[in-house]
Participant: 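Can you keep this structure in mind? I'll have questions shortly.
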There are 2 protein chains.
Amino acid sequence: MKNKLEEIRKSHGIRQEDLAAALEVSRQTIGSLENGRYNPSILLAFKIARYFQLSIEDIFIYEEDVNHEQ
Amino acid sequence: MKNKLEEIRKSHGIRQEDLAAALEVSRQTIGSLENGRYNPSILLAFKIARYFQLSIEDIFIYEEDVNHEQ
DNA sequence: TATTCATGTAAAGCATGCTTTCCATTCAAT
DNA sequence: ATTGAATGGAAAGCATGCTTTACATGAATA
């Protein structure tokens, strides 16, 4: 899964640390999401989407697992 | 988080077992989601939404955590 | 009644999300 | 050159998602 979090966050002129505080997660969590180290839980995805007044689908891009049998 | 999975699944006339197979998860996972034992990962939420051709927000209802400081 | 079908649910174990702590890097401004 | 601000990222530990296995229940039907 890819995401536009860094781009969206920067377009709002907010630092990772302040976004993290607003969402009540750690700064490392935001950094890890932006750099693709892991995917958010659905609860965090909702929090992020609500914070930016976007839908989850606006921020997170699901790529169908075409090679699901390997 | 609440969800409309059972309602949506039934409106499509599909059994838990067949939905599970289509989504490549176990039947227990579907049952657990429908009965609120846990929330899906965002990947599974995307799979479910795509399967029913709905958005994640159409299926899963995020309720703001008003009492976040306890 | 006995059987079958769909669902509920629990337990143990593994994978992943998230935390805290810690240190490194980059860049702007002294 | 040094400092401070923002970010990158690793490690260990806890919480949660998901699996397999197993058993129970209710409804429908042979």
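Naming: A, B, ... by sequence-line order, numbering from 1 per chain. Quantities reported herein were computed from a predicted structural model and do not represent experimental measurements.
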Participant: When you get a sec, tell me which of C/dG17, C/dT21, C/dT19 is the closest nucleotide to the side chain of A/Ser26?
Facilitator: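 Minimum distance to the A/Ser26 side chain belongs to C/dT19.
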Participant: Nearest to the side chain of B/Arg15, which nucleotide is it out of C/dT7, C/dT19, D/dC18?
Facilitator: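 Nearest nucleotide to the side chain: C/dT7.
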Participant: Taking the minimum atom-to-atom distance to the side chain of A/Gln28, which one of C/dC22, C/dG17, C/dT7 wins?
Facilitator: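 Closest nucleotide to the A/Gln28 side chain: C/dC22.
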Participant: I want to check one thing: is the phosphate of C/dT7, taken as OP1 and OP2, less than 4.0 Å away from some side-chain N or O of B/Arg9?
Facilitator: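 Yes, because at least one side-chain N or O of B/Arg9 sits under 4.0 Å from OP1 or OP2 of C/dT7.
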Participant: A/Ser41 side chain N/O closer than 4.0 Å to the phosphate oxygens (OP1, OP2) of C/dC18?
Facilitator: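 Yes, because at least one side-chain N or O of A/Ser41 sits under 4.0 Å from OP1 or OP2 of C/dC18.
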Participant: Please tell me which of the listed nucleotides, C/dG17, C/dC18, C/dG8, lies nearest to the side chain of B/Asn35?
Facilitator: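 Shortest atom-to-atom distance from the side chain points to C/dG8.
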Participant: Closer than 4.0 Å, any side-chain N/O of B/Thr29 to the OP1 or OP2 of D/dC18?
Facilitator: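 Checking B/Thr29 against D/dC18: no side-chain N or O falls below 4.0 Å of OP1 or OP2.
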Participant: I need the CG-P distance between A/Leu44 and D/dT16, as an integer number of Å.
Facilitator: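 Distance check: A/Leu44 CG to D/dT16 P gives 14 Å.
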Participant: For a quick test of reading the model, state the closest non-hydrogen atom pair linking A/Ser41 to A/Leu44 and the distance between them.
Facilitator: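 Shortest heavy-atom contact: OG-N, 3.1 Å.
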Participant: Can you tell me how far P of C/dC23 sits from CZ of A/Arg27, to the nearest Å?
Facilitator: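 Rounded to whole Å, this separation is 14 Å.
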Participant: Hey, what's the ring geometry for A/His12 with A/Phe52, parallel, tilted or perpendicular (30° and 60° as the breaks)?
Facilitator: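 Rings of A/His12 and A/Phe52: perpendicular, over 60°.
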Participant: Using a 4.5 Å cut-off on heavy atoms from C-beta on, say whether the side chain of B/Lys2 contacts that of B/Tyr62.
Facilitator: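 No, side chains not in contact.
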Participant: Just how far, in rounded Å, is P of D/dC18 from CG of B/Leu19?
Facilitator: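 Rounded to the whole Å, the gap is 13 Å.
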Participant: Using whole Å, report how far OH of B/Tyr38 lies from P of C/dA10.
Facilitator: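 Value for this atom pair: 12 Å.
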Participant: Using whole Å, what does the distance between atom C1' of nucleotide D/dA6 and atom CD1 of A/Ile14 come to?
Facilitator: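 Nearest whole value for this atom pair: 13 Å.
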Participant: Let me know the distance between CD1 of B/Ile30 and C1' of C/dT7, rounded to the nearest Å.
Facilitator: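 Roughly 13 Å, once rounded to whole Å.
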Participant: In this structure, how many angstroms lie between the P atom of C/dT19 and the CG atom of A/Leu43, rounded?
Facilitator: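 In whole Å, C/dT19 P and A/Leu43 CG are 12 Å from each other.
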Participant: We want to know whether A/Ser26 and A/Thr29 form a side-chain donor-acceptor pair, criterion being a heavy-atom distance below 3.5 angstrom.
Facilitator: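 Yes, a side-chain donor-acceptor pair sits under 3.5 Å.
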Participant: Roughly how many Å is it from CG in A/Leu33 to C1' in C/dT16, rounded to a whole number?
Facilitator: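 After rounding, the gap between these two atoms is 13 Å.
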Participant: Does B/Arg37 get its side chain close enough to the base of C/dG8, under 3.5 Å, for a donor-acceptor pair?
Facilitator: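 Not at all, since no donor on one side and acceptor on the other fall under 3.5 Å apart.
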Participant: Please give me the minimum heavy-atom distance between A/Leu23 and A/Lys47, naming the atom from each residue.
Facilitator: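 Scanning both residues completely, I find the closest heavy atoms to be O-NZ, 3.1 Å.
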Participant: If you compare every side-chain N and O of A/Gln16 against the phosphate oxygens of D/dA5 (OP1, OP2), does one of them come in below 4.0 Å?
Facilitator: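 Answer is no, no contact under 4.0 Å.
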